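Presented below is the structure to which this report refers.
Quick caveat: nothing in here was measured; it's all calculated off a predicted structure. Chain letters run A, B, ... following the sequence lines, proteins first and then strands; every chain starts at 1.
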Amino acid sequence: MSQQNNQNSELQNIRHSAEHVLTQAMQRLFPNKFLMAMGPATDDGFYLDFEPIGDFKVSENDFPQIEAEMAKIIKENLPIIKEEISLEDAKKLFSDNPYKMEWLNSIKDRGEAITIYKTGDEFTDLCAGPHVRYTKQIKAFKLLSIAGAYWHGDEKNKMLTRIYGTAFESKEELEKYLNNIEEAKKRDHRKLGKELEIYFYDDEIGQGLPLWLPNGGIIIEELEKLAKETEDKDGYSRVKTPHITKESLFLKSGHLPYYAESMYPPMEIDGDKYYLKPMNCPFHHKIYGNKPHSYRDLPIKLAEYGTCYRYEKSGELIGLMRVRSMQMNDAHIYCTEGQFEKTFMDVIKMYLYYFQVFGIEKYVMRLSTHSKEGLGKKYIDNEQLWIKTEDMVRNCLKNGNINFVEVADEAAFYGPKIDVQIYSAIGREFTLATNQVDFAVPERFSLEYTDEKGEKQIPLCIHRAPLSTHERMIGFLLEHFAGAFPTWLSPTQVKIIPITDGQLEYAQKIEKELKENNIRVEIDSKSETMQNKIRNAAGEKVPYMIIVGGREAENQTISVRQRDGQDLGIIPLNDFVSKIKDQITSKSITLIK
RNA sequence: GCCUGAGUAGCUCAGUCGGUAGAGCAACUCUCUUGUAAAGAGUAGGUCGUGAGUUCGAAUCCCACCUCAGGCUCCA
């Protein structure tokens, strides 16, 4: 759920008031069974956090009852009135609620006025407002889900119960919102991943460890081909590194003290501890350090689709978006300070090229910087270097006319990063990839190059992964394309549908011809109606169906139908082959017609 | 990891008050040989997530665990 924004629009007021009505309804139904903690409006609704008293519990089964009570309060059209009161009065009013008392103290510390909002005579809440004036102004609302949430968002605090809901200015808008959620569910990559046989999980293998089915394997191969082609043009070299390594490597890189909790526990072999790698960086550093380098050889770009393992907490795993084993489109670029801007921009350009390939139009580059408080804890303790590298990255983005937003206290421990936020067709936000500058770790690995004066210098390192991990990328692409991949990525590109068994031989001839052109093709030779075969192929989102009956076999032509229902009519086979091959090589995101 | 739910055939789901399970699709066999989004008949398929308990009897009730979903926390 997104953070509340501070705009005090009418919609925000409706939602905030709906939250008060929810709390009031709860008090009517479950008096003295809970302590209200807080409840704001958010970008898409509102929520209420409360602490249940004793063994009181609310579940989604209680929603109809609560909603009915809310509707009653709205129908009663109670006035919602703001009052300013003194600290003493407020403390009396909320003396039995530690959450409100804590809040009162923080208002006092900030020297702000204390305001309460009353709904009718029976409900009062400590609240800065604003609100609607009467409960009837809440025209449409719905409770959505129950969740747990830590007080102040801190896992050391008590877990409260949270009820999410939403409210709108009209019933139609609420309907539209709920419909959008339903549509989003249809495009969910977990649903499509199962239907299209892309990947699955197995209990005997483990949580967050996806198994890629043949269709998923094809997509992975295609993405790697794309990465190789693109990286080859930009001077990258490909390397391969092992999945496990001795503890000392991660002690040297500095990862272990920061990230031990997110790593699979080590295995003991011959007195050494070996870890599964959670990232590829130190391995690439070792490769860079394998021989001396001249400034003439820089930048050196080492690329690898490296498989990493991270022990994410079980509750954090989601489909392909958050996993424990991942194949990363990784590369590390070692360059001089003078080369930084161009090298960094080349990486940004690669991102933009990929966005174009996939038709990703909405994205945000987010510059994540350090925080003073985190120095020496979350971040390498060298403020000057932080400021310097952050300036370098910021200038680079500005000079390249790249739009970006800046967020403090989100950097990697070794340097600032650019997170690329992208949005699926249904508006879901993902961090696709991060692009990081590392000013600290090369020194720990004694990485160096010899400059034009013959002196040793430490290179800068850029970590980049524009195609993210296969897991997250394919999860995103499934939702982005709603499973209807562009032809070049489609597991099956052409389905041949013979109308009767009489055309089987002709179908095999076409299949052979397409296979010779490296087109992924299948014949549906089942004893079914053509209509049913079309339906199945469309369900599998196969871009093209070649339908052959007696007429086509006789004239040695084909009839082509696209998955979107468009008919390309009767065309010669070689015509179709050259068109589809063009489409595949140009990675077109649209179909022929 | 934490909070709230859920788990029945390969998939989507039904199963009343506790009386040991049903449908559609898919698979397989047979029939049909079809002109642009579902032909017909039959066969097979389940330790009801796992384990333990209450009971004469458990898919159903209790407990523990596993997995999934929505959140929280986290995300190199």
Polar side-chain contact [X]-[N] base: donor and acceptor under 3.5 Å:
X: A:Tyr311; N: B:G1; value: no
X: A:Arg322; N: B:C74; value: yes
X: A:Arg561; N: B:A37; value: yes
X: A:Thr529; N: B:U33; value: no
X: A:Glu528; N: B:U34; value: no
X: A:Glu552; N: B:G35; value: yes

message: Under 4.0 Å, heavy atoms only, any strand: does A:Tyr414 hit a base, just the sugar-phosphate, or nothing?
response: sugar-phosphate
- request: Output yes when A:Glu155 and A:Lys313 qualify as a salt bridge under the 4.0 Å nitrogen-oxygen rule, no when they do not.
  value: yes
Does a side-chain N or O from [X] land closer than 4.0 Å to OP1 or OP2 of [N], or not?
X: A:Gln531; N: B:A37; result: no
X: A:Lys417; N: B:A76; result: yes
X: A:Arg190; N: B:A69; result: yes
X: A:Arg162; N: B:G70; result: no
X: A:Lys57; N: B:G5; result: yes
X: A:Gln207; N: B:C66; result: no
X: A:Lys277; N: B:A76; result: no
X: A:Thr161; N: B:C3; result: no

task: Can you tell me which stems involve RNA chain B, if a stem is defined as three or more consecutive Watson-Crick or G-U wobble pairs, both distances under 3.5 Å?
output: B:1-7 with B:66-72, B:10-13 with B:22-25, B:27-31 with B:39-43, B:49-51 with B:63-65
task: In whole angstrom, give the distance that lies between atom CE of A:Met321 and atom C1' of B:C68.
output: 18 Å
field: Inter-nucleotide C1' distance (B:A64, B:C17), Å rounded
entry: 27 Å
- request: Determine the Euclidean distance between corresponding C1' atoms of B:G15 and B:U20; express it in Å to zero decimal places.
  value: 14 Å
message: Ring centres within less than 5.5 Å and planes less than 30° apart: is that true of A:Tyr259 and B:A76 in this structure?
response: yes
query: Under 6.0 Å between the ring centres of A:Tyr363 and A:Tyr351?
result: no
